Peer 1: 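One structure coming up, written as structure tokens, with questions to follow.
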Amino acid sequence: MLNYDLVVVGGGPAGMAAALKAKEEGVEKVVILERAETLGGILEQCIHTGFGLHYFGEELSGPEYAGRFIEQVENTDIDVYTDTMVLNVSDSNVVTAVNNKDGLLQFQAIAVVLAMGCRERPRGALSIAGSRPAGIMTAGTAQKYVNIDGYMPGKKVVILGSGDIGLIMARRMTLEGAEVKVVCELMPYSGGLQRNIVQCLDDFGIPLRLSCTVVKTHGKDRLEGITIANVDERLKPIPGTEEYIECDTLLLSVGLIPENELSKDAGVDLDMITNGPVVDEYRETLRPGVFACGNVLQVHDLVDYVTEESQIAGKGAADYIFGKKKGGTFINTKGINGVRYVVPQRVNIEGEKKLKLYFRVGQVFKGARVVVECDGEVLSSRKKVKLAPGEMENVVITPEMLKKMNKDSEIIVRVEE
Amino acid sequence: MIKNLICVACPLGCPIEVEVDGTQVVSVKGNTCKRGDEYARTEITNPVRSLTTSVKLEGGMHPVVPVKSSGAIPKDKMFQCMEAINSVTIKAPVKIGDVVVENILGLGVDIVATNCDSGK
């Protein structure tokens with residue numbers, strides 16, 4: 001058994017930021033366990049730029065953003081195990097992992113940070129008719145093939161889902177010589193950033209079809225084509241609108257799911273909406289000493305916010321390790337009227353610091369107000385030009401606001417049109 | 001004439017309204033920062049983009065290493081740049097910032113590595 005103060009599960013941007021923050025706070029023995037060959041997580045394959053504008057004030061590519069944290073980790077005495085898969089986090093914070101060098105490893109931790117990230121929703125979750133030919137994969141899988149393995153997975157491509165990964169891959173495949181025929185989006189709006197629609201689709205004349213989905217795949221060994229159809233307001237395909245498109249590759253960019261198998265086994269309570277752990281403002285789960293941050297907690301659109309969130313978790317873990325974390329009176333936060341969820345789900349009303357509540361809306365709103373209220377009293381109300389499901393928003397809660405609350409209060413975030 | 005653009009300078013994506021007289025920009029509205037103004041003006045006169053791709057790597061942990069253009073390149077030169085980059089093979093080790101193609105197509109922009117690979 002190896003003894004550590006803090007075990008961080010996952011060496012992506014979340015895990016690295018949490019580990020570095022804990023180190024900075026004076027935690028002595030910290031270890032990061034990473035499943036891939038290198039630190040960096042998904043950023044390693046996100047070779048496009050757009051990362052770091054908030055945190056570093058400059059525009060970096062994914063590997064460059066990760067590189068800055070990898071360098072910092074290397075300059076500390078944080079231990080790193082790569083190629084190492086965590087199998088279990090026990091009730092007593094024993095983390096069991098395996099790799100092909102050390103075999104089975106067991107780490108006894110005082111605190112654990114869960115930073116496993118998320119994975120893409122696969123084809124199996126979509127129920128598209130057709131057999132299982134080669135050429136159908138998630139956009140992220142294609143991204144790894146092209147950017148890490150130097151391998152082009154197809155020539156004629158259709159992309160289902162207009163989230164940022166789908167849009168980025170439309171451009172990437174085009175630049176490498178593939179013909180991207182169309183990007184289909186089930187919803188009446190794109191889930192991706194406007195700038196990506198401009199510079200990934202419009203720049204290359206790739207059409208974006210909204211309210212449209214793939215209803216059937218054709219081909220037995222290799223994909224030969226797909227049938228797309230328009231959908232109605234209830235997102236059901238409209239008979240008679242089917243259209244055949246010849247292609248050898250279908251990329252799916254249809255959502256991300258936080259990877260919480262380990263959290264579930266560890267007895268950590270999950271939020272039904274975010275699919276991530278229920279946490280308080282220190283990013284501590286309902287299991288004392290177990291923290292969560294990054295995409296395993298909630299899917300983010302900007303890595304800069306992942307870093308910010310993970311530093312909070314790292315600080316929380318350090319306070320826990322040093323016994324500085326006091327109890328408190330925790331109340332719930334809740335999203336209603338267009339607000340799908342709020343993270344953190346619990347807030348300590350005895351807290352003395354300003355904190356941010358992050359949330360996402362369920363549909364596009366223009367010129368609406370974001371209202372925060374508690375016990376019938378409006379705490380803040382701010383007008384927003386635009387609110388979209390693809391963009392995470394936040395509201396600030398001040399210590400003065402917290403002082404007015406009691407143990408039965410509930411903080412509500414809602415949209416007012 | 002009024003042209004509507006979406007700024008791509010940062011993830012905010014501000015909707016910008018540009019008043020154009022022939023090839024001259026008369027006014028820029030809707031941007032929320034200086035970079036938006038710059039973007040709108042170059043987008044009308046000489047649209048540019050930064051380019052990110054990968055280059056073949058010999059003896060590396062991976063067969064390719066990601067690269068980017070050190071500055072913006074004209075939009076219509078994208079595919080020519082891709083051709084030039086795809087004809088190059090570099091050798092490991094490589095580190096972030098290493099120049100892979102100097103002054104590509106004489107555009108005054110370098111292609112630089114954006115990840116390191118210490119080799120096998």
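In this text, all values refer to a predicted model and were calculated from it rather than measured experimentally. So you know, we letter chains A, B, ... as the sequences are listed, proteins then strands, and number each from 1.
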Peer 1: What distance separates A:His48 NE2 from B:Ser50 OG, expressed to the nearest 0.5 Å?
Peer 2: 11.0 Å
Peer 1: Measuring from A:Ile148:CD1 to B:His62:NE2, what's the distance to the nearest 0.5 Å?
Peer 2: 5.5 Å
Peer 1: Which heavy atom in A:Gln194 sits nearest to a heavy atom in B:Ile6, and how many Å separate them?
Peer 2: CB-CG2, 3.6 Å
Peer 1: Report which part of A:Val146 has an atom under 4.5 Å of a heavy atom belonging to chain B: side chain, backbone, both, or neither.
Peer 2: backbone
Peer 1: Please classify the contact between A:Phe204 and chain B as side chain, backbone, both or neither, with a heavy-atom cut-off of under 4.5 Å.
Peer 2: side chain
Peer 1: With a 4.5 angstrom heavy-atom cut-off, is it the side chain or the backbone of A:Leu175 that approaches chain B, or both, or neither?
Peer 2: both
Peer 1: Non-hydrogen atoms of chain B under 4.5 Å away: do they reach the side chain of A:Gln45, the backbone, both or neither?
Peer 2: neither
Peer 1: Taking all non-hydrogen atoms of both residues into account, name the closest pair between A:Arg172 and B:Ser54 and its distance.
Peer 2: NH2-OG, 3.0 Å
Peer 1: Please look at B:Cys7 and chain A and tell me whether the side chain, the backbone, both or neither of the residue comes under 4.5 angstrom of a heavy atom of that chain.
Peer 2: backbone
Peer 1: If you count heavy atoms of other groups shown closer than 6.0 angstrom to CG of B:Asp21, is the number above 12?
Peer 2: no
Peer 1: With respect to chain B, which residue among A:Leu193, A:Ile197, A:Asp301, A:Asp203 yields the maximal number of heavy-atom pairs within a distance under 4.5 Å?
Peer 2: A:Asp203
Peer 1: Between B:Pro47, B:Gly13, B:Ala9, which has the largest tally of heavy atom pairs under 4.5 Å with chain A?
Peer 2: B:Ala9
Peer 1: If you apply the rule side chain to side chain donor-acceptor pair (under 3.5 Å), what do you find for A:Glu44 with B:Asn115, and how did you get there?
Peer 2: CA-CA 8 Å; A:Glu44 292 295 302; B:Asn115 207 352; 2.8 Å; yes
Peer 1: Between A:Ile47 and B:Pro66, what is the shortest heavy-atom contact and its length?
Peer 2: CG2-CB, 3.3 Å
Peer 1: Check each atom of A:Leu302 against the heavy atoms of chain B and say whether the ones under 4.5 Å are side chain, backbone, both or neither.
Peer 2: side chain
Peer 1: Do the side chains of A:Thr174 and B:Phe79 get nearer than 4.5 Å, heavy atoms only?
Peer 2: yes
Peer 1: For B:Leu51, is it the side chain, the backbone, both, or neither that has a heavy atom closer than 4.5 Å to a heavy atom of chain A?
Peer 2: side chain
Peer 1: Report, as yes or no, whether the 6.0 Å neighbourhood of atom CZ on A:Phe56 holds more than 12 heavy atoms from other residues, nucleotides or ligands.
Peer 2: yes
Peer 1: Of all heavy-atom pairs between B:Lys68 and A:Glu59, which one has the smallest distance, and what is that distance?
Peer 2: NZ-O, 4.1 Å
Peer 1: Identify the heavy atoms of A:Ser61 and B:Thr114 that sit nearest to each other, and give their distance.
Peer 2: OG-CB, 3.4 Å
Peer 1: CD1 of A:Ile70 to CD1 of B:Ile96: how many Å apart, nearest 0.5 Å?
Peer 2: 7.5 Å
Peer 1: In Å and rounded to the nearest 0.5 Å, what is the CZ to SG distance from A:Arg195 to B:Cys14?
Peer 2: 11.0 Å
Peer 1: Side-chain donor-acceptor pair under 3.5 Å between B:Thr52 and A:Arg171, yes or no?
Peer 2: no
Peer 1: Mark yes when over 12 heavy atoms from residues, nucleotides or ligands other than A:Glu71 sit less than 6.0 Å from its CD; otherwise mark no.
Peer 2: no
Peer 1: Quick check for you: to the nearest 0.5 Å, what is the distance between A:Thr49 atom OG1 and B:Arg49 atom CZ?
Peer 2: 11.5 Å
Peer 1: Take atom CZ in B:Arg41; do more than 12 heavy atoms of anything else shown fall under 6.0 Å from it?
Peer 2: yes
